[in-house]
Number of protein chains: 2
Amino acid sequence: MTDNARPPSSRTSKALKTPGAQPVVAAVLDDTDRKLLALLAEDATRTYAELGKLLFLSAPAVHERARRLKKEGVIKATVATLDAARLNRPLLAFVHVDTTSWAVTRQLLALKELSDVEEIHTVTGESAMLLKVRTRDTQTLEQLLARIHAIEGFTGTRSYIALTTYLERGPSPEL
Amino acid sequence: MTDNARPPSSRTSKALKTPGAQPVVAAVLDDTDRKLLALLAEDATRTYAELGKLLFLSAPAVHERARRLKKEGVIKATVATLDAARLNRPLLAFVHVDTTSWAVTRQLLALKELSDVEEIHTVTGESAMLLKVRTRDTQTLEQLLARIHAIEGFTGTRSYIALTTYLERGPSPEL
DNA sequence: CTTGAAACGCGCTATCT
DNA sequence: AGATAGCGCGTTTCAAG
């Protein structure tokens with residue numbers, strides 16, 4: 001929508017000298033980069049000219065930085081943020097799954113096909129896995145729990161239903 | 001060119017009788033709306049022409065739907081998704097805060113100023129609040145916990161550190 | 001809803017400092 | 001590294017079917 005795809009250019013890109021395997025570590029960012037990322041993380045529909053005024057840069061300069069940050073993978077994607085309530089998903093829950101064997105993990109990964117499931121993590125502590133799920137009602141949540149209980153090798157689940165969400169956002173740069 | 005490859009778009013809207021107040025409820029969405037939302041939720045940089053091909057619609061028609069969905073608040077924003085690891089935040093943790101009084105909630109809301117904190121919810125269960133935080137290292141996490149412990153009126157915190165994140169995405173339309 | 005056309009804004013490139 | 005100028009795509013609106 002806002003990313004005009006143009007024919008590939010023969011632009012000279014500096015080949016980063018990365019000795020050894022590709023390091024998945026922190027990128028090198030200056031203050032302007034961080035401010036730009038913070039701005040894009042809250043609203044990616046702004047024009048480069050507009051961003052330029054906020055950053056005291058020209059539009060092409062902002063464009064160049066954004067291009068570099070995308071290429072480096074700091075900006076993973078640009079997505080639309082949807083309102084869960086208007087999508088008929090008012091019920092948010094965090095489900096801790098206590099397992100006895102790691103084989104259960106593989107079974108739980110199949111849950112990513114369900115649009116109800118937003119997050120799947122393995123975690124430390126007494127429970128081995130943590131799910132963030134958003135359903136239409138408690139019955140749909142119960143169906144989801146029943147599906148988890150059908151898997152062998154876990155000791156139980158504990159669900160925490162969100163009453164009010166005061167803050168919910170993605171990763172943002174420090175400072 | 002007018003082949004009938006167009007899928008039927010049935011208006012299967014949830015009438016959703018709300019007897020009381022609560023003005024914010026599910027929007028009326030047909031199948032095309034849901035597909036469009038799913039597409040935009042995964043990549044909002046596509047052109048309207050491109051979306052039109054995927055949805056068997058013309059570009060102006062897609063534009064009209066997107067405009068309506070934004071106006072109705074189904075699409076809350078369009079944001080850049082950042083890579084936490086490259087932002088120097090490799091440590092993801094969920095912190096359960098056990099409180100004795102609801103007054104603690106107000107104190108915790110001040111934490112939203114910190115860029116480390118991504119989510120703040122009040123939840124059911126033995127713990128009253130749940131935080132999703134992302135820090136650079138364990139020491140930074142400890143500082144954050146120390147800040148919470150400085151607040152009066154809670155019995156303790158339990159932290160679950162994410163080992164691997166297998167899935168992490170925002171709300172998407174059902175089906 | 002469609003196609004077609006037209007005007008405008010802006011992404012993007014090129015060139016220079 | 002950043003600024004300025006300009007091309008051209010894509011968005012956006014309008015008309016007619």
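Convention: sequence-line order gives letters A, B, ...; per-chain numbering from 1.
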- Same cluster (ILVMFWY, side-chain, under 4.5 Å), A:V117 and A:L87: no

- Note on the structure: When rounded to whole Å, the CD to P distance for the pair B:E64 and D:dC14 reads 12 Å

- Message: Heavy atoms from C-beta onward define the side chain here; which of C:dC12, D:dT13, D:dG2 lies closest to that of B:P60?
- Response: D:dT13

- Message: In whole Å, I'd like the distance from the CG atom of A:L36 to the P atom of D:dG2.
- Response: 11 Å

- Message: Tell me which pairs pass side chain to side chain donor-acceptor pair (under 3.5 Å) where either residue lies in residues 50-61 of chain A, with sequence neighbours left out.
- Response: none

- What is the distance, rounded to the nearest whole Å, between atom CG of B:L55 and atom C1' of C:dT2? 15 Å

- Note on the structure: Interatomic distance, CE@B:M129 vs OG1@A:T164, rounded to 0.5 Å, equals 8.5 Å

- Message: Just by distance, no angles: are the side chains of A:Y160 and B:E126 close enough, under 3.5 Å, to form a donor-acceptor pair?
- Response: yes

- Between atom CZ in B:F56 and atom P in C:dT3, what is the gap in whole Å? 13 Å

- Task: Check whether any side-chain N or O of B:Y48 sits under 4.0 Å from OP1 or OP2 of D:dG10, and answer yes or no.
- Result: no

- Would you kindly give the NZ-to-P distance between A:K70 and C:dC12, to the nearest whole Å? 7 Å

- Query: Which of these nucleotides, D:dG2, C:dT13, C:dT2, is closest to any side-chain atom of B:L57?
  - Reply: C:dT2

- Message: Base, sugar-phosphate or nothing for A:R65? Non-hydrogen atoms, less than 4.0 Å.
- Response: sugar-phosphate

- Message: Measuring from the side chain of A:S58 (C-beta onward, heavy atoms only), which nucleotide among D:dG2, D:dT11, C:dC1 has the closest atom?
- Response: D:dG2

- Task: Return the value, rounded to whole Å, for the distance between atom CG of A:L51 and atom C1' of C:dC12.
- Result: 15 Å

- Message: Can you identify which nucleotide, out of D:dG10, C:dT13, D:dG2, has its nearest atom closest to the A:H63 side chain?
- Response: C:dT13

